[in-house]
Amino acid sequence: MAESESKPKIKKKAVPMPKQPPEVRKHNFNEVALGYTEEQALEEASRCLQCPKPQCVKGCPVEIDIPAFIKLLREGKYEEGIRKIKEKNSLPAICGRVCPQEEQCQMMCVLGKVGDPVSIGRLERFLADWERAKGFTIPEKAPPTGKRVAVIGAGPAGLTAAADLAKLGHEVVIFEALHLPGGVLVYGIPEFRLPKSIVQAEVDYIKKLGVELKLGYLIGRTYTIPELLKDEGFDAVFIGTGAGLPQFLGVPGENLGGIYSANEFLIRVNLMKSYAFPEYDTPIRIGRHVAVIGGGNVAMDAARSALRLGAEQVCIVYRRSREEMPARKEEIENAEEEGIICKFLAAPTRFIGDEKGWVKQMECIRMELGPPDESGRRRPVPVKGSEFLMDVDTVIIAIGRTPNPIIQRTTEGLAVTKWGTIVTDENGKTSLEGVYAGGDIVTGEATVISAMGAGKKAARAIHEYLMSKK
Amino acid sequence: MKMYEIVRTEELAPKIKLFEVFAPEIAKKAKPGQFIIVIIGEKGERVPLTIAGYDAGKGTITFVFNEVGKTTRQLGMMKPGECIWNITGPLGNPSEIKYFGKVLCVAGGVMIAPMLLQVKALREAGNTVVTVIGARIKELLFFKEEMKALSHRLYVATDDGSEGYRGLDFLKDVLASEKFDRCVAMGPVAMLQTVCELTRPYKIPTIVTLMPIMVDGMGMCGVCRVNVGGQMKFGCVDGPEFDGHIVDFEELIKRQRMFLPEERLSALLWELGGCSCGGK
Ligand SMILES: Cc1cc2nc3c(=O)[nH]c(=O)nc-3n(C[C@H](O)[C@H](O)[C@H](O)COP(=O)(O)OP(=O)(O)OC[C@H]3O[C@@H](n4cnc5c(N)ncnc54)[C@H](O)[C@@H]3O)c2cc1C
Ligand SMILES: Cc1cc2nc3c(=O)[nH]c(=O)nc-3n(C[C@H](O)[C@H](O)[C@H](O)COP(=O)(O)OP(=O)(O)OC[C@H]3O[C@@H](n4cnc5c(N)ncnc54)[C@H](O)[C@@H]3O)c2cc1C
Ligand code: SF4
Ligand code: FES
């Protein structure tokens, strides 16, 4: 550990992230976390102990050489620093903002044992923002191989696979079903956590690498995978279609007006920009009393968006307790600072509507924590006779999403698990020759970094496959 | 020709327009019963419209729409040579087309157009096809001759009786006197509901095309959920066609009206010219 020459003084406190104050930010969709200044970044970077056996790297799903990039940052070598990160992570501006670092690299950082861990994510973001402000340099591409690859889905998995394959000299076409690229990064994660201009910059970079982007192509309908391979002249396919099918509670009254899936709510707000209705055509109606069901990142994003759209009161209803909440700690804190209320140990049992079919009340039952379930978290058990009513006029259901099913339904011979995810080997190879997959469509709902990592791995495997095929 | 370029427009009846658009990939894959999602501009909404024709050779698709709200009215003002911003499709499951025997096809309003495609396909599959087309008033009827030519028999009905039968009550006698093996209905919900009640006593399998509110049209938002036989189905990926005898129409009607105040506001502001940029 810190056995180096002159024992450096350990700085226990991390440099805090400058943020918009809660009273201001809860009325706008601008980014909450403003990013370190150069001074703050250098100060925070100086806290790193440059461990000879860095634990942080073990916590990083794509094994970024963290002490090396922090050292370069410290020396003012920003260009080299960002290159170091990009050896492993193609989307640092995005990951620096949305990765759950507190469960990954920062959880492992030795400084965490005595104080705050190094704010690795914020430093990553600093370098990435520095690079974007300066303008990306387009790397040299390998000479054309004459091979064509179809990438399905423009989320983090698809965008990463496309970029890597293009750099290797392959001709790449991305087919995206929606009218904008980015996957969850554009339709799910709100502007105040991840500005869309950052996603757009990544997409522009990928286009500059020569990747063709076809929007409004639902594969399985416009073309099937066998058609792409046989009729459209592609030599390989990468599937990165994500987990976008919303789950519902299955309780009475769920189809009343005013009850949205988190996906519908977030798609309207983020993708269709209904916060700017009627300038944008897609409407959203937000009531005075909003209940969000669920305890993950999606629930936090929905709740904080509802607040910004003018809801008087937003209440998150979660069936376990605070400790089990899967959302990032930082985002729970942000939400509570903004005035969002969390109701723990409760779950809806039915929804009651008015004469027009609009939800007006929600009946919930209290829960107790029983013994741990398969996930290791304590299982919530309903308390008999503890039902109570809440007045609500908008409900957002954020209890999980399952894989998008269209490809699985329309691709004969593609091996699929009972959860609807696509079966692959560790390199993303599916049961069909020349067909690879990665991201949420393989793992189920996961993270941006794991989707990006899967895209990278698959790109390497596809390259090997294409180059070995005569 | 440019992608999604409007090749031809035709006013079939007041406020009902047919567009033929260059979309070769969709034209190659489209089947009766499927739909597309049209976006007229960067700020536009995603509007589902049923495919009413396709020509893989020419690379075009046709659809017919009612100018009811802001988007469809803006679309109606577009001219041949202009391009639609984005079209996604074909979406939804194709209709089941095979030999059933004798099929009753009932279409109302703007949906007469896609029904023509069904009638043609059912006829080609060897069925005897009896068709009913209806509209509120006679001025809104169209494709009468085309339908007549393709059907074994054609009935015409209007709500006010200005042409043909008044309402669909006459079908009671038709259904009492002959046996049908299948019924296909496309049109406003009230009409679908009436048809289902008429065919129910005879246990004629009745397939209805549902038009719930949609956003993505590919199974990601769930706004299109409908209650079919007590199960939650997504109109866009499980439909749009369902067994009409087990659809909860009352709920569907309420869900279709969810955004009525906002839709009215959007149309009104557009009429007032308050936001001429909107949708483009
Ligand atoms: C609201 C929300 C907040 C989140 N917050 C975080 C966070 O803070 N940190 C984090 O690490 N992760 C977060 N996640 C999870 C993370 O976004 C996902 O794990 C990640 O985006 C998965 O990437 P992907 O490329 O596999 O799929 P996606 O991002 O889902 O992209 C899939 C793309 O494929 C397209 N597609 C689907 N089917 C087809 C088809 N048949 N043909 C063509 N295209 C198709 C879709 O339209 C979509 O654009 C969040 C998720 C949500 C919903
Ligand atoms: C699968 C599917 C296929 C469709 N096919 C066609 C078609 O071939 N031709 C056609 O003209 N329309 C069709 N529709 C309906 C069409 O999508 C809507 O009329 C359209 O969204 C109106 O957009 P707008 O902005 O002009 O009007 P809006 O401002 O959205 O609405 C104006 C009026 O139309 C009503 N409305 C909105 N959506 C619907 C709906 N889904 N069903 C019934 N009423 C609605 C509103 O309540 C309001 O009174 C289809 C819908 C679906 C889901
Ligand atoms: S970030 Fe933490 S674990 Fe990683 S090298 Fe620096 S002090 Fe060590
Ligand atoms: S329209 Fe979104 S799921 Fe059907």
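Every chain is numbered from 1, with letters handed out A, B, ... down the list of sequences.
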Where do B:E42 and A:K273 land on the salt bridge (charged side-chain N to carboxylate O under 4.0 Å, His left out) test, with the steps shown first? CA-CA 10 Å; B:E42 214 180 314; A:K273 301 217 175 2; over 6 Å; no
Max heavy-atom pairs within cutoff under 4.5 Å with chain B, candidates A:Y217, A:F248, A:Y260, goes to A:F248
Any side-chain heavy-atom pair from A:Y187 and B:C221 closer than 4.5 angstrom? no
Please state whether the side chain, the backbone, both or neither of A:E232 comes within less than 4.5 Å of a heavy atom of chain B. side chain
Given that the side chain runs from C-beta out, which part of A:F265 has a heavy atom under 4.5 Å from chain B: side chain, backbone, both or neither? neither
Going through the distances and angles, do B:K43 and A:E279 end up as a side chain to side chain contact (heavy atoms under 4.5 Å, CB included)? CA-CA 7 Å; B:K43 296 180 178 177; A:E279 186 197 345; 2.4 Å; yes
State, to 0.1 Å, how close B:G219 and A:P246 come at their nearest heavy-atom pair, and which atoms those are. O-CD, 3.6 Å
Contact leader toward chain B among A:G357, A:G244, A:S261, where contacts are heavy-atom pairs under 4.5 Å: A:G244
Interatomic distance, B:K29 atom NZ to A:R221 atom CZ [nearest 0.5 angstrom]: 9.0 Å
Residue part contacting chain A, namely of B:M232, when any heavy atom lies under 4.5 Å: side chain
Expected output: side-chain A:N263 to main-chain B:M220 donor-acceptor under 3.5 Å: yes
Under 4.0 Å between a side-chain nitrogen and a carboxylate oxygen: does that hold for A:K214 and B:E25? yes
Looking only at heavy atoms, which of residues 246-254 of chain B get nearer than 4.5 Å to chain A? B:E251, B:K254
Measure from the side-chain N and O atoms of B:R255 to the backbone N and O of A:G257, and report whether any donor-acceptor pair falls under 3.5 Å. no
At a heavy-atom separation under 4.5 Å, does A:R409 approach chain B through its side chain, its backbone, both, or neither? side chain
Given the options A:N255, A:I397, A:T222, A:I284, which has more heavy-atom pairs under 4.5 Å with chain B than any of the others? A:N255
Please classify the contact between A:L178 and chain B as side chain, backbone, both or neither, with a heavy-atom cut-off of under 4.5 Å. both
Can you say whether A:N404 sits under 4.5 Å from chain B via the side chain, the backbone, both, or neither, judging by heavy atoms? side chain
By a 4.5 Å heavy-atom criterion (distance strictly below it), what part of A:L266 contacts chain B: side chain, backbone, both, or neither? neither
Chain A heavy atoms under 4.5 Å from B:V215: which part of the residue, side chain, backbone, both or neither? side chain
Please report the C-alpha distance between B:T88 and A:H179 in whole Å, then the side-chain angles of each, then the deciding distance to 0.1 Å, and finally whether the side chain to side chain contact (heavy atoms under 4.5 Å, CB included) criterion is met. CA-CA 8 Å; B:T88 304; A:H179 58 281; 5.9 Å; no
The interface call for A:L271 against chain B, heavy-atom contacts under 4.5 Å, is neither
Honestly, the part of A:T224 sitting under 4.5 Å from a heavy atom of chain B is both
Between A:L245 and chain B, with a heavy-atom cut-off of 4.5 Å, which part of the residue counts as in contact: side chain, backbone, both or neither? both
Only pairs of heavy atoms separated by less than 4.5 Å count here; which of B:L91, B:I37, B:N93 has the most with chain A? B:N93
What's the verdict on side chain to side chain contact (heavy atoms under 4.5 Å, CB included) for A:W358 and B:M258, showing C-alpha distance, side-chain angles and the deciding distance? CA-CA 8 Å; A:W358 202 265; B:M258 273 187 310; 3.9 Å; yes
Between atom CZ of A:R268 and atom CG of B:D216, what is the distance when rounded to the nearest 0.5 Å? 10.0 Å
Counting only heavy atoms from other residues, nucleotides and ligands, does the tally under 6.0 Å from CZ of A:R288 exceed 12? no
Stepwise side chain to side chain contact (heavy atoms under 4.5 Å, CB included) check, A:E227 with B:K28: CA-CA 12 Å; A:E227 283 167 349; B:K28 212 158 64 182; over 6 Å; no
Backbone N or O of A:E254 within a donor-acceptor pair of the B:R225 side chain at under 3.5 Å? yes
